[in-house]
Amino acid sequence: MSLARHVDPENIISHLHPDGKRQGAPGSHLTPYSTDYASQTSIPKYRIPQEGAPADAVYAMLKDELDLDGRPTLNLASFVDTYIEENAQKLMVDNIVKNLADNDEYPAMLSMSERCVSILAHLWGVQKGEKAIGSPTVGSSEAIHLGGLAMKRRWQERRRAEGKDTLRPNIIMGANAQVALEKFARYFEVEARILPVSAKSNFCLDPDLVSENIDENTIGVFVILGSTYTGHYESVEVVSKILDEFEERTGVDIPIHVDAASGGFVAPFTHAGTGSQKWNFELPRVKSINASGHKYGLVCPGVGWIVWRDESYLPKHLIFELHYLGGTEESYTLNFSRPGAQVIVQYYNLIHLGFSGYREVMENCLANARLLSKSLEAAGWYTCVSDIHRPISTSITAAQEVKEAVKSTVSSSGDEKRETSADYTPGLPVVSFRLTDSFRNEFPHVKQDIISLLMRARQWIIPNYALPPKEDGTEILRVVIRESMSFDLLDRLVTDLVQVTETLMGNDQADLEILQSQHERRRPKVKKGADDKKEGEEGDKGGAGGYKQAGKNVGKRMADGIHRSVC
């Protein structure tokens, strides 16, 4: 969410209208509706009006302004769910006023929350004898902060017990990490060791760099199950083995927190899973997992989940025992009051859809993503950076034999095997693509950001943005396939992309430069301060505090500040 700043409407009016008397200035609304107020009545935007306005007039006025927003179904930039079925909507409305913090007043809602945690713990492979513990959160951002804070406190407790200092904690993550992960490091004073990504690592966390950058001050490693850039799953099991070897050599135990914001509700249900690798509590090194219920959990914003494999991994002094409104509860969240209706809808989805229902939704999303990927590449103008449409290796392994067995159980007629995600590279239903090199050479005037702009004119929201630092010379267009993407919409999307591309190919460079200059003029200009410049230069040189990148020193932070991924 962007920061909002105070606006002085008088400055706006005096700038545009020196007399300050003209009605309809940017600092006010006009009400053109048939009400007790005249059609030219001015309602201030940035100050509370002295007198109120009729409810129907305000409703119509705000509805008209909100119509300027994009259509959620056509917003292909976001992982956040944009569809909620009718019965779930009824539950939302019926419970919209319930506060999840008032557990004693709403015991049924609390019970549903506890059931969700238990369901997710089992879904994510909690082991027999472990007492999993967890909590609903406002979203994955809060959940990531809670998981990171628990790792930091456990590291501090261990260091103090060993008589060592706790002054220089660090945490490992890839440069593809969503901004919430870096926010944790900054807000809770932990050095963020953000490791460069490359094509070799599928633009994800590079396990080879992990082994070079961990030490006794590393509180943990953030591993992402589903990169927001390309949908690839990071190699949790490979990182776990690296940390096992490190502990054998040094005695230092470094935990893993899996950021499964999207993948936590995708990988468990698909036939592909995460391939032959483990990612969840089946790995002892994984201590906590988060996921967003409002993404592939199929709930509207905002609800997330954080689960620890056992209560011993959540330091007791972080848990607050609250005596509030006549009841006693234990709490470990950054927020207190928060909506409870989304938790109820999450439980509704879990028991209404069940495992098979979630599987059908996720398999359908992946099938649509594969169809879009193959259609784009068939046109000859685009190549996909994502891999979920690429068949898995033909070499038969033990894991492949298992996949073949799975496929045989889902045959459509008993004679012919039905294609499933098990035939393809595991990942999120994400299609990241760019113009081919041959196309760019032949049509150098066609730019991807203009394709994004013209698709927006057709109401499709498809972001065009750079890959993480060190690879940010490459820009990608990205489409997130959600439950609401029907086959008809997909057909329309492919048609519009082809038509827009053909239109740009037929225009000359001068026309497109005018369009691009108008587009860039709307972008906010950010001035780089002296401190930022100095820090950037030190990072390029690799100061004394830098960490290693394949034998080289690089700065602690990503180039030019936070590289925000779209989610």
Side-chain angles (χ1 to χ4, degrees), residues 63 66-67 69-98 100 106 108-120 122-123 136-140 226 260-271 291-305 338-369 371-372 421 428-430 459-461 479-493 567:
K63 183 178 183 298
L66 290 170
D67 282 343
D69 284 344
R71 294 180 59 188
T73 302
L74 303 184
N75 177 10
L76 306 183
S78 177
F79 286 86
V80 176
D81 189 55
T82 57
Y83 168 79
I84 180 170
E85 61 176 84
E86 185 176 352
N87 286 327
Q89 290 181 34
K90 291 177 182 177
L91 283 170
M92 283 286 296
V93 173
D94 292 344
N95 295 278
I96 199 168
V97 298
K98 291 185 178 179
L100 195 59
Y106 307 120
M109 181 172 63
L110 174 62
S111 179
M112 292 180 187
S113 173
E114 293 172 343
R115 293 176 213 165
C116 286
V117 170
S118 180
I119 289 171
L120 292 176
H122 284 91
L123 188 67
T137 57
V138 174
S140 269
S262 295
F265 279 99
V266 176
F269 297 113
T270 60
H271 292 297
S292 293
H294 60 228
K295 292 180 181 175
Y296 288 104
L298 308 181
V299 183
C300 60
V303 61
W305 300 94
R338 56 198 190 279
Q342 286 88 340
V343 171
I344 296 171
V345 173
Q346 181 74 83
Y347 185 61
Y348 167 83
N349 281 344
L350 289 169
I351 60 176
H352 163 58
L353 293 174
F355 188 92
S356 60
Y358 266 98
R359 166 164 284 183
E360 185 175 353
V361 171
M362 301 312 155
E363 283 289 323
N364 187 63
C365 288
L366 284 168
N368 283 337
L371 179 59
L372 175 59
S421 63
L428 299 179
V430 168
Q459 300 189 66
W460 299 102
I461 303 176
V479 169
V480 178
I481 301 295
R482 301 188 301 274
E483 180 188 17
S484 55
M485 175 58 74
S486 67
F487 183 84
D488 288 338
L489 276 178
L490 190 65
D491 179 63
R492 185 71 253 175
L493 172 63
C567 73

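In this chain, numbering begins with 1 at the start of the sequence shown. Since we're looking at a predicted model, the values are computed, not measured.
Here OG1 of Thr73 is found 9.0 Å from CE of Met485. Values are rounded to the nearest 0.5 Å. Atom CE of residue Met112 and atom CD1 of residue Ile351 lie 7.0 Å apart, to the nearest 0.5 angstrom. Atoms CG and CG, from Leu110 and Leu100 in turn, are 7.5 Å apart once rounded to the nearest 0.5 Å. Put simply, CG on Leu76 and CG on Leu493 are 6.0 Å apart, with the number rounded to the nearest 0.5 Å. Interatomic distance, CZ of Phe487 versus CG of Leu371, reported as 5.5 Å (0.5 Å rounding). Note that the CG atom of Asn368 and the CZ atom of Arg482 stand 12.5 Å from one another [nearest 0.5 Å].
His294 places a side-chain N or O within 3.5 Å of a backbone atom of Val303 that can act as its donor or acceptor partner. Without hydrogens or angle criteria, Gln342 side chain to Pro301 main chain gives a donor-acceptor distance under 3.5 Å.
The shortest side-chain heavy-atom distance between Tyr347 and Ile119 falls under the 4.5 Å cut-off. The shortest distance between side-chain heavy atoms of Gln346 and Pro136 does not fall below 4.5 Å. Contact of the Ile481 side chain with the Asn364 side chain is not registered, since no non-hydrogen atoms from C-beta on lie closer than 4.5 Å. Contact check for Trp305 versus Val343: side-chain heavy atoms found under the 4.5 Å cut-off. In this structure, Val361 and Phe265 have side chains that are not in contact, with every pair of non-hydrogen atoms separated by 4.5 Å or more. In this structure, the side chains of Arg115 and Ser111 come closer than 4.5 Å at one or more pairs of heavy atoms.
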- Message: Assess the residue pair Phe79 and Leu428 against the criterion (side-chain contact (heavy atoms from CB on, under 4.5 Å)); give the C-alpha distance rounded to whole Å, side-chain angles, the decisive distance to 0.1 Å, and a yes or no.
- Response: CA-CA 10 Å; Phe79 286 86; Leu428 299 179; 3.8 Å; yes
- Please assess Ile84 against Tyr348 for the test side-chain contact (heavy atoms from CB on, under 4.5 Å), listing each intermediate value before the final yes or no. CA-CA 11 Å; Ile84 180 170; Tyr348 167 83; over 6 Å; no
- Item | Stepwise side-chain contact (heavy atoms from CB on, under 4.5 Å) test for Trp460 and Leu489 | CA-CA 10 Å; Trp460 299 102; Leu489 276 178; 4.0 Å; yes
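Heavy atoms only, all atoms of each residue included: Asn349 and Leu298 are closest at ND2-O, 2.9 Å. Minimum interatomic distance between Tyr106 and Val97 (heavy atoms only, all atoms of both residues): OH-O, 4.4 Å. Residues Gly264 and Leu123 come closest through the heavy atom pair O-CD2, 4.4 Å. Closest approach of Thr137 and Gly139 over heavy atoms only: OG1-O, 2.8 Å.
With a 6.0 Å radius and a threshold of 12 heavy atoms from other residues, nucleotides or ligands, Arg71 has its CZ atom at or below the threshold. With a 6.0 Å radius and a threshold of 12 heavy atoms from other residues, nucleotides or ligands, Gln89 has its CD atom above the threshold.
By the side chain to side chain donor-acceptor pair (under 3.5 Å) test, Ser292 is found to be paired with Ser140, residues two or more places apart in sequence or in another chain being considered.
Taking the six-membered ring where tryptophan is involved, the planes of Tyr358 and Phe269 are essentially parallel, since the angle between them stays under 30° and well short of 60°.
A side-chain contact (heavy atoms from CB on, under 4.5 Å) with Val345 is found for one member of His352, Lys90, Met92, Glu85 and no other, namely Met92.
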